Amino acid sequence: RQRKKKTMVKAKSGENVNQKLMLVFKSGKAVLGYRQTLKTIRSGKARLVLISKNCPALRKSEIEYYCMLSKTHLHHYDGTNTELGTACGKLFRCSTMAVTNPGDSDIIQVIEAGRV
């Protein structure tokens with residue numbers, strides 16, 4: 001019984017992130033993909049970076065390093081690149097993404113507080 005409760009809580013928090021991502025794409029601005037994410041981090045425009053759990057290790061470590069240097073918030077998305085792309089409302093896979101303008105979404109505050 002306790003296992004079921006934990007998975008239900010985890011599923012709800014995952015849905016929470018997905019809902020906030022959809023709101024970002026409807027009202028704010030974000031870029032998808034490794035190269036665009038690196039460009040926005042380097043230019044200092046990225047406010048939050050999400051990485052899927054099956055992103056290649058070299059890419060993941062490089063993005064983590066750039067985020068550390070630019071003091072950008074980084075979140076490891078608890079899903080594959082296919083699930084991250086679907087959560088963004090796209091029909092393709094996406095291993096990394098950067099939120100430049102959250103719009104009406106409070107995704108940055110939620111991830112900063114660690115509620116996800």
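As the structure is a prediction and not an experimental result, all values here were calculated from the model.
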(request) Starting at CG of Leu48, measure out to CG of Leu74 and round the result to the nearest 0.5 Å. (result) 8.0 Å

(request) Can you establish whether the number of heavy atoms outside Lys29 located under 6.0 Å from its atom NZ is more than 12? (result) no

(request) State the OG-CG distance between Ser43 and Leu38, to the nearest 0.5 angstrom. (result) 10.5 Å

(message) Looking at Asn81, is its backbone amide N or carbonyl O close enough to the side chain of Asn54 to form a donor-acceptor pair, meaning the two atoms are under 3.5 Å apart?
(response) yes

(message) Less than 4.5 Å apart, side chain to side chain, heavy atoms only: is that true for Cys67 and Ile41?
(response) yes

(request) Taking the side chain as every heavy atom from C-beta outward, state whether Leu32 and Phe92 have any pair of such atoms under 4.5 Å apart. (result) yes

(request) Answer yes or no: is there a donor N or O on one side and an acceptor on the other, between the side chain of Thr96 and the main chain of Gly33, under 3.5 Å? (result) yes

(message) So, taking the atom named CG in Asp106 and the one named CD1 in Ile111, what distance separates them when rounded to the nearest 0.5 Å?
(response) 10.0 Å

(request) For residues Lys20 and Asn16, determine if any side-chain heavy atom of one lies less than 4.5 Å from a side-chain heavy atom of the other. (result) yes

(message) A side-chain contact here means heavy atoms from C-beta on lying under 4.5 Å apart; do Thr72 and Tyr66 qualify?
(response) no

(message) I'd like to check Ile107 versus His75 (side-chain heavy atoms, cut-off strictly below 4.5 Å). Are they in contact?
(response) no

(request) Measure from the side-chain N and O atoms of Ser27 to the backbone N and O of Asp104, and report whether any donor-acceptor pair falls under 3.5 Å. (result) yes

(message) Checking Lys26 now: which residues fulfil side chain to side chain contact (heavy atoms under 4.5 Å, CB included) with it, not counting sequence neighbours?
(response) Met22

(request) Calculate, to the nearest 0.5 Å, the distance between atoms OG1 and CG belonging to Thr82 and Leu91 respectively. (result) 12.0 Å

(message) Can you tell me how far apart OH (Tyr34) and CD (Glu62) are? Round to the nearest 0.5 Å.
(response) 3.0 Å

(message) Are Asn18 and Tyr77 packed together at the side-chain level, in the sense that at least one heavy-atom pair is separated by less than 4.5 angstrom?
(response) yes

(message) Quick check: do Thr40 and Val49 have side-chain heavy atoms less than 4.5 Å from each other?
(response) no

(request) Taking the side chain as every heavy atom from C-beta outward, state whether Val99 and Leu50 have any pair of such atoms under 4.5 Å apart. (result) yes

(message) Nearest 0.5 Å, please: how far is NZ in Lys60 from OG in Ser52?
(response) 7.0 Å

(request) Check the hydrophobic clustering (I, L, V, M, F, W, Y; side-chain heavy atoms under 4.5 Å; chains of links allowed) and say if Val24 and Ile108 are grouped together. (result) yes

(message) I need the minimum non-hydrogen distance between Cys88 and Leu21, along with the two atoms involved.
(response) SG-CD1, 4.5 Å

